[in-house]
K.L.:
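Structure below; questions to follow.
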Amino acid sequence: MAYDPYLPAEVFPSLDTVQTSLENCIASADFLSLHMPGTPGDPPLLDAAALSTMKQGAFLINAARGGLVDEDALAERLHAGQLGGAALDAFSVEPLLQGSAIRTAPNVILTPHIGAFTDQANATMGVMVVEDVARVLRNEEPANSVA
């Protein structure tokens, strides 16, 4: 199952996926994986209330943006045994603070925002940069501009 407010409903069956609400995804998933942008200053998508609706023993994976998850509330749920585990590659404050409660939580994997650094991703990023430089040199707009 998946939630995406931007994908047309007809796309989900072609991906062998059931479209559902965000609330149902959070409450029903055995593995909840976040793949979305975050906006600085926005409240966490998974705050204490949302995390409390996750299934007993469920796992959370966040390789998207740190501000999407209330890390202290997640640590509480892990310490309480409500959740089976979590894997985080991004944090609300980076680098992750030494005193962060998530550091002592059980069944957690923490990586320093490097999950996307693979040989293939690095090669792709290099090609994208070269293509954009060529566009600019031809007086065209780059495909990937910095705001």
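Count residues from 1 along the sequence. As a basis for the values below, the full set of heavy atoms in this structure was taken, side chains included, without hydrogen atoms, waters or symmetry mates.
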K.L.:
Are Pro44 and Leu68 close enough that some pair of their side-chain heavy atoms sits under 4.5 Å apart?
P.N.:
no
K.L.:
Locate the shortest heavy-atom distance separating Ala64 from Ala90; write the atom from each residue and the value.
P.N.:
O-CB, 3.9 Å
K.L.:
For the CD1 atom on Ile109, are there more than 12 heavy atoms of other groups (residues, nucleotides or ligands in this structure) within a distance under 6.0 Å?
P.N.:
no
K.L.:
Heavy-atom distance under 4.5 Å between the side chains of His35 and Ser33, does that happen here?
P.N.:
yes
K.L.:
Do the side chain of Ser28 and the main chain of Cys25 share a donor and acceptor less than 3.5 angstrom apart?
P.N.:
no
K.L.:
For Glu141, is the CD atom crowded, meaning more than 12 foreign heavy atoms sit under 6.0 Å from it?
P.N.:
no
K.L.:
Any donor and acceptor pair, going by atom type alone, linking the side chain of Thr53 with main-chain N or O of Ala50 inside 3.5 Å?
P.N.:
yes
K.L.:
Would you say Asp42 has more than 12 foreign heavy atoms packed within less than 6.0 Å of its CG?
P.N.:
yes
K.L.:
Say you draw a straight line from CG of Leu83 to CG of Asn107; how long is it, rounded to the nearest 0.5 Å?
P.N.:
10.0 Å
K.L.:
Mind checking what makes salt bridge (Lys or Arg N to Asp or Glu O under 4.0 Å) contact with Arg135, not counting sequence neighbours?
P.N.:
Asp132
K.L.:
Side chains of Thr17 and Val11: closer than 4.5 Å at any heavy-atom pair?
P.N.:
no
K.L.:
How far does OG of Ser100 sit from CG of Asp72, to the nearest 0.5 angstrom?
P.N.:
6.0 Å
K.L.:
Honestly curious: do Met54 and Met1 fall in one hydrophobic cluster under the side-chain, below-4.5 Å linking rule?
P.N.:
no
K.L.:
Taking only residues two or more places apart in sequence or in another chain, which ones pass side chain to side chain contact (heavy atoms under 4.5 Å, CB included) with Ala48?
P.N.:
Ala73, Arg77
K.L.:
Do the non-hydrogen side-chain atoms of Leu45 and Leu34 ever get within less than 4.5 Å of each other?
P.N.:
yes
K.L.:
Taking the side chain as every heavy atom from C-beta outward, state whether Ile61 and Leu32 have any atom pair closer than 4.5 Å.
P.N.:
no
K.L.:
Identify the two heavy atoms, one from Pro37 and one from Arg65, that lie closest to each other, and give their separation to 0.1 Å.
P.N.:
C-CG, 4.0 Å
K.L.:
Does anything in residues 26-38 form a salt bridge (Lys or Arg N to Asp or Glu O under 4.0 Å)? List the pairs, not counting sequence neighbours.
P.N.:
Asp30-Lys55
K.L.:
Could you tell me which residues satisfy salt bridge (Lys or Arg N to Asp or Glu O under 4.0 Å) with Glu10, sequence neighbours excluded, listed by chain and number?
P.N.:
none
K.L.:
Under 3.5 Å, side chain of Gln82 to main-chain N/O of Ala58, donor-acceptor pair present?
P.N.:
no
K.L.:
Would you indicate whether the side-chain heavy atoms of Leu7 and Phe12 approach each other to under 4.5 Å?
P.N.:
yes
K.L.:
Side-chain contact, heavy-atom cut-off 4.5 Å: Asn144 with Val129?
P.N.:
no
K.L.:
Where do Leu110 and Ile102 land on the side-chain contact (heavy atoms from CB on, under 4.5 Å) test, with the steps shown first?
P.N.:
CA-CA 9 Å; Leu110 306 172; Ile102 199 68; 4.2 Å; yes
K.L.:
Does Val69 share a hydrophobic cluster with Met36, counting links as ILVMFWY side-chain heavy atoms below 4.5 Å and allowing steps through other members?
P.N.:
yes
K.L.:
Sequence neighbours left out, what passes salt bridge (Lys or Arg N to Asp or Glu O under 4.0 Å) with Asp47? Give chain and number order.
P.N.:
none
K.L.:
For Glu71 versus Ser92, what's the shortest heavy-atom pair and its separation?
P.N.:
OE2-N, 2.6 Å
K.L.:
If you look only at pairs with a residue in residues 54-90, which of them pass as a ring-ring contact (aromatic ring centres under 6.0 Å, His included), with sequence neighbours excluded?
P.N.:
Phe31-Phe59
K.L.:
Please confirm whether the backbone N or O of Ile114 pairs with a side-chain atom of Thr111, one donor and one acceptor, at under 3.5 Å?
P.N.:
no
K.L.:
Is there side-chain contact between Phe91 and His113, with at least one heavy-atom pair below 4.5 Å?
P.N.:
no
K.L.:
Decide yes or no on side-chain contact (heavy atoms from CB on, under 4.5 Å) for Leu74 and Leu46, but give the supporting numbers first.
P.N.:
CA-CA 9 Å; Leu74 175 59; Leu46 297 180; over 6 Å; no
K.L.:
Looking only at heavy atoms, which two atoms of Ser52 and Ala49 are closest? And how far apart?
P.N.:
OG-O, 2.6 Å
K.L.:
Look at atom CD of Gln120 and say whether more than 12 heavy atoms of other residues, nucleotides or ligands are closer to it than 6.0 Å.
P.N.:
no
